[in-house]
Protein chains: 2
Amino acid sequence: MTSPPQADPSGSAAKLVRSIPEATVARLAVYLRMLGELAEQGAETVSSEELATATGVNSAKLRKDLSYIGSYGIRGVGYEVASLHHQIERTLGLDRQQAVALVGVGNLGHALAGYSGFGGRGFPVAALFDVDPDLVGIHINGIVVEHVRDIPRVCAERGVTIGMIATPGPAAQSVCDQLVRAGVQCILNFAPVVLQVPEQVEVRKVDLAVELQVLAFHVARRRAGDASDTVVAPSVANGVRDGVHVTNGSAVLPR
Amino acid sequence: MTSPPQADPSGSAAKLVRSIPEATVARLAVYLRMLGELAEQGAETVSSEELATATGVNSAKLRKDLSYIGSYGIRGVGYEVASLHHQIERTLGLDRQQAVALVGVGNLGHALAGYSGFGGRGFPVAALFDVDPDLVGIHINGIVVEHVRDIPRVCAERGVTIGMIATPGPAAQSVCDQLVRAGVQCILNFAPVVLQVPEQVEVRKVDLAVELQVLAFHVARRRAGDASDTVVAPSVANGVRDGVHVTNGSAVLPR
DNA sequence: AGCCGCTTGTGAACGCACGCACAAAGTTGC
DNA sequence: GCAACTTTGTGCGTGCGTTCACAAGCGGCT
């Protein structure tokens, strides 16, 4: 906000990180990916307009988002792709690798373990856990599945900072407690339960069933208001752009 | 938008559905699940306070959410579990099954196809598609994988209303176009791209890499502001409740 | 060097959503 | 039947997030 003008010192992105809205952080990640693609295509600079269109946001919003991390644009020109990429990376803390532990190697967990989108983006899956004796011991993508009871030891050994929970609902809370005890700071929860964690631990929830149910609602609404003008409140997340309707996702959830 | 008041024509949940905030819709799905569990446990009624605590929201917010779908509570008592469950189900359009088509049976897609959370909640996966000749023809959970080129025909035959895209990024847009042509009304997109769709089609995006990057940001912030007072803006989605810190998920995305 | 056009960065207004707090309404006990 | 208690439903204030619109700044052209 009222950040005093300053050249970046050295190490961490400390001062700059003050007070970035959560919604902005999420979008920064999207910009980052697009910047990576642009860099591959050999682009030197992008204007806010171009980057905004490519990522599906309003250009003013994009500029405001970027303003939270500093003034790295050149007026009359745009943003230097490589430089901006680097700045966002630094802000999001992606300049160092974050080891991820995944608990629950069932259906979804197995897929997540093999998902290349993680390791390729600075989140190597460093540990896998399950309780099923048939699963403990097998290898997935070169990583052996350990028993849940070893979470504290293994996580400590491998410097895990982020946990992902892909267990059935009933097991999630106890697994979560284990992860917290192991010093994990952030948890991505795929289980359909509300996790109780100490204040300093961040939980983020992805609920696939909820996503579908929200879509089902829209189908129903459409059917109901078929020939009528009954319309749901547009809400912040919707919008029409270039004749293109893109309701953004929001895995959303309570609280 | 400015929909004139109107009595519901036939059976559908038309007038109740007028103008429910998107955020509320997502939470209704969460309430619904908890109500299901409560019903299994034999509960007859719940108070807003109980249901709110169980789902991790503020009780006032919960009551306001429920007020959007009507007044089904009993003052001094609470809500009748079965009745409320039914009302929410109706509002979300879950009283009829929605056939889902899944395109992309790779890592993630395969898991989604086998995910019991869908079929069990009124979203039977009715069709699977891929372009890989090695995958076309195989069976997953009793469903044969068809070629992407047959999307229009198969979707029409099986009455698919919702599409899920779990392909690599580059393939997503063309697959999306196919689904739209097949009459799919809503799309859940797991591919890391912004889809362009006609206005009447709803897109919801789930981006796992973004989720992790948001978490990484929180780890970095924590490390940076270790002994300082550097704090991120709490944002609407965070909160402390009973000494429990639960930042909600938000698969979020642009727009 | 000076002007022109383009793009950034941001002040200000708007709108949604959240949460408080209370009135309305129903229930239980006497 | 009345009083006290419980719980819903909601009007209102507040804060965050989005959007508009414009001044400030930079590069290129003459």
Side-chain angles (χ1 to χ4, degrees), chain A residues 1-3 5 19-28 31 44-53 56-80 83-84 87 232-241 246 248 250 252-255, chain B residues 1-2 19-28 31 44-53 56-80 83-84 87 231-241 246-248 250 252-255:
Chain A
M1 296 281 181
T2 32
S3 59
S19 166
I20 300 182
E22 185 93 1
T24 292
V25 173
R27 282 192 299 266
L28 284 176
Y31 306 151
E44 294 273 322
T45 60
V46 241
S47 70
S48 62
E49 189 61 43
E50 292 167 329
L51 189 54
T53 312
V57 299
N58 180 295
S59 72
K61 197 194 309 196
L62 181 140
R63 288 197 298 276
K64 182 149 280 185
D65 285 342
L66 295 183
S67 77
Y68 285 115
I69 67 174
S71 291
Y72 298 109
I74 308 163
R75 294 173 190 233
V77 178
Y79 300 87
E80 202 200 325
S83 156
L84 186 57
Q87 291 303 337
V232 84
S235 121
V236 208
N238 301 353
V240 176
R241 195 174 32 79
V246 180
N248 94 340
S250 182
V252 166
L253 258 297
R255 225 13 152 111
Chain B
M1 296 286 173
T2 32
S19 165
I20 300 181
E22 186 92 0
T24 292
V25 173
R27 284 191 297 268
L28 284 176
Y31 305 151
E44 296 272 324
T45 60
V46 242
S47 70
S48 63
E49 191 61 42
E50 292 167 329
L51 189 54
T53 312
V57 299
N58 179 295
S59 70
K61 197 195 309 197
L62 182 140
R63 288 197 298 276
K64 185 154 284 187
D65 285 343
L66 294 183
S67 77
Y68 284 113
I69 67 174
S71 291
Y72 298 108
I74 308 164
R75 295 175 190 231
V77 178
Y79 299 85
E80 202 200 323
S83 156
L84 186 57
Q87 291 302 337
V231 172
V232 85
S235 120
V236 206
N238 300 353
V240 176
R241 197 174 30 81
V246 179
T247 296
N248 96 310
S250 184
V252 169
L253 260 295
R255 232 0 160 124

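Since the structure is predicted, the reported quantities are computational estimates derived from the model, not experimental observations. Proteins come first, then strands; the chains are lettered A, B, ... in the order of their sequence lines, and each starts at number 1.
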Next on the checklist: Can you tell me how far apart CD (A:E49) and CG (A:L51) are? Round to the nearest 0.5 Å.
Outcome noted: 10.0 Å
Checklist outcome for this item: In whole angstroms, the gap separating P of D:dT8 from OH of B:Y31 amounts to 13 Å
Item to check | Side chain of A:S47 (C-beta onward), nearest among C:dG9, C:dA17, C:dT7 | outcome: C:dT7
Checklist entry - Which residue, B:G73 or A:D65, contacts DNA chain D at a nucleotide closer to its 5' end, judged by nearest heavy atom? => result B:G73
Checklist entry - Any donor-acceptor pair under 3.5 Å linking the side chain of A:T24 with the backbone of A:I20? => result no
Item to check | Distance-minimising heavy-atom pair for A:S19 and A:P21 | outcome: O-CD, 3.7 Å
Item to check | nucleotides 20-30 of chain C: protein proximity per nucleotide (B base, S sugar-phosphate only, - neither; heavy atom, under 4.0 Å) | outcome: BB--BBSS---
Item to check | Distance test, side-chain N/O of B:S48 to OP1/OP2 of D:dT7, below 4.0 Å | outcome: no
Checklist entry - Could you give the CG-to-C1' distance, from A:L62 to D:dG17, as a whole number of Å? => result 15 Å
Item to check | A:Y79 vs D:dC26: side-chain N/O to OP1/OP2 distance below 4.0 Å | outcome: no
Checklist entry - Nearest to the side chain of B:K61 - D:dT18, C:dG19, D:dT8? => result C:dG19
Next on the checklist: If only side-chain N and O atoms count, and only distance matters, is there a donor-acceptor pair under 3.5 Å linking A:T45 with A:E80?
Outcome noted: no
Checklist outcome for this item: dist A:Q87:CD -> A:S71:OG (nearest 0.5 Å) comes out at 11.0 Å
Checklist entry - How many Å lie between CD on B:E50 and C1' on D:dT7, as a whole number? => result 11 Å
Next on the checklist: Nearest whole Å is fine: how far is D:dC16 P from A:I20 CD1?
Outcome noted: 15 Å
Checklist outcome for this item: Rounded to whole Å, the CD-P distance (A:E49 to C:dG5) equals 20 Å
Checklist entry - What is the distance from OH of A:Y68 to P of D:dC16, rounded to the nearest Å? => result 10 Å
Checklist entry - Once you round to the nearest 0.5 Å, how far does OH of B:Y79 lie from CD of B:E50? => result 12.0 Å
Checklist entry - CG of A:D65 to OG of A:S59: how many Å apart, nearest 0.5 Å? => result 11.0 Å
